[in-house]
Amino acid sequence: MNPRLPAERPPTPPVGYKIAHPVLSRDLARAGFLGVALGGQEPYAVLDDARCVYGRRHRVPSRRCDCGFHALVSRAGALGLTCTAEHRTAVLLEVAVLGVYLRYELGFRFARQRVRTMTVGCCPCLGRTTLLADAGWGRPGWHAMEAACGGCVRGRMALTLADFARLAGQGLSVLRAGQVTQAQAVS
Ligand SMILES: [Zn+2]
Ligand SMILES: [Zn+2]
């Protein structure tokens, strides 16, 4: 990157897209997200600050480290990541890129993030998603959740999309894929 390029000062935060797994805390009190690549060990909240995944003490993002929040410019590009087998149950997030960011050809690496909307795909049976159910894996203290229709929950711990939004807080919108978002409705 050319250090002489002028710094960007956009009037509104850039928008980015990424995929993640919704997670629910073991005490069922908090909801958040787990990234799918670097930083996928530690869940993040709707509004959160990036911490160096290597535990180094430096400001994020740093040109000498690859840590920080990551997002793509393209919604379709992020959605394409859910085609791979291990990411089939991931959800699509639209995020506001806050704080300091580095811009790349395809996206951003940045310091602070607000998740605006989470878009959930259909149940693996292709039925209409009504719940997020325990996906059968997680991180210490956190259950990973996946989309499920009423018929596929089968006794698993589950919560509604509205309950997930309420627990995640900070004004998160949760949509089903195919629902028109507010942003699309006004444009
Ligand atoms: Zn770092
Ligand atoms: Zn189903």
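Order of appearance sets the numbers: ligands from 1, and atoms from 1 within every ligand.
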Query raised in the report: Leaving waters out, which protein N, O or S atoms fall under 2.8 Å from the Zn ion (ligand 1)?
Result: C52 SG, H58 NE2, C65 SG, C67 SG
Can you give each donor-acceptor pair under 3.5 Å made by side-chain atoms of residues 26-33, sequence neighbours left out, with the distance rounded to 0.1 Å?
residue, atom, partner, partner atom, Å
D27, OD1, S25, OG, 2.5
D27, OD1, A29, N, 3.0

Query raised in the report: Donor-acceptor pair, R57 side chain versus C52 backbone, under 3.5 Å?
Result: no
**Report entry** SG (C152) to the Zn ion (ligand 2) to SG (C149) angle, given to the nearest 10 degrees
**Finding:** 100°
Query raised in the report: Between the Zn ion (ligand 2) and C125, is there an N, O or S atom separated by less than 2.8 Å?
Result: yes
Query raised in the report: Any sub-3.5 Å donor-acceptor pair from R176's side-chain atoms to T129's backbone N or O?
Result: yes
Query raised in the report: Just wondering, are more than 12 heavy atoms of other shown residues or ligands nearer than 6.0 Å to CZ in R139?
Result: yes
Query raised in the report: H58: what forms a side-chain hydrogen bond (donor to acceptor under 3.5 Å, both in side chains) with it, not counting sequence neighbours?
Result: none
Requested in this report: Mind checking side-chain hydrogen bond (donor to acceptor under 3.5 Å, both in side chains) for R166 and listing every partner two or more places apart, or none if nothing turns up?
Outcome: D163
Query raised in the report: Under 3.5 Å, is there a donor-acceptor pair between the side chain of R112 and the main chain of G99?
Result: no
